[in-house]
Amino acid sequence: MRRAIGDGDELDDDRARIDRDAVHGYLSRDAYWAKGRSREVQDAMIDNAARVVGLYHDGRQVGFSRAISD
């Protein structure tokens, strides 16, 4: 489901659209809670999430979230 939110921004829950290289690069390098996380582990977390949502500005991914559930 793509949803335009204005000013060239949109939300999209298409898992295939997620820039996994960018997500892994940021988290494994800059996020204290995920430093050193392997790409395989990060991909599994995306694949097994209940939902993932990317934030895109003019078609370029600028944000990412994932939801998990018990």
Side-chain angles (χ1 to χ4, degrees):
M1 163 202 79
R2 271 188 186 180
R3 180 174 172 191
I5 56 176
D7 295 328
D9 294 332
E10 69 178 340
L11 296 170
D12 192 351
D13 64 355
D14 180 357
R15 217 174 281 265
R17 191 174 175 197
I18 297 297
D19 182 344
R20 291 174 181 237
D21 289 333
V23 171
H24 177 256
Y26 172 77
L27 290 176
S28 66
R29 183 182 59 245
D30 299 321
Y32 71 89
W33 68 89
K35 267 195 179 166
R37 182 181 291 162
S38 74
R39 173 65 188 263
E40 293 78 20
V41 168
Q42 184 62 54
D43 282 345
M45 294 173 84
I46 292 171
D47 292 338
N48 295 317
R51 187 170 192 190
V52 296
V53 177
L55 172 63
Y56 302 88
H57 180 75
D58 293 332
R60 181 176 161 265
Q61 185 175 329
V62 296
F64 169 77
S65 67
R66 73 181 175 93
I68 59 174
S69 176
D70 293 345

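Small disclaimer: the values here were computed from a predicted structure and weren't measured.
Apart from V41 itself, the hydrophobic cluster it occupies contains M45, where clustering links Ile, Leu, Val, Met, Phe, Trp and Tyr at side-chain heavy-atom distances under 4.5 Å.
M1 and I5 fall into different hydrophobic clusters, where Ile, Leu, Val, Met, Phe, Trp and Tyr side chains are chained together by heavy-atom contacts under 4.5 Å. Under a hydrophobic clustering in which Ile, Leu, Val, Met, Phe, Trp and Tyr are joined whenever their side-chain heavy atoms come within less than 4.5 Å, directly or via other members, V53 and L55 fall into the same cluster.
In terms of heavy atoms, I18 sits closest to V52 at CG1-CG2, 4.1 Å.
Counting only residues at least two apart or in different chains, side chain to side chain donor-acceptor pair (under 3.5 Å) contacts with residues 13-22 comprise E10-R17, D12-R17, D13-R51, R20-D43, R20-D47, D21-R39. Here side chain to side chain donor-acceptor pair (under 3.5 Å) pairs that include residues 56-69, with residues two or more places apart or in two chains, are D9-H57.
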For residues 25-35, tabulate all N or O donor-acceptor pairs below 3.5 Å that involve a side-chain atom, not counting sequence neighbours.
residue: S28; atom: OG; partner: H24; partner atom: O; Å: 2.7
residue: R29; atom: NH1; partner: G25; partner atom: O; Å: 3.2

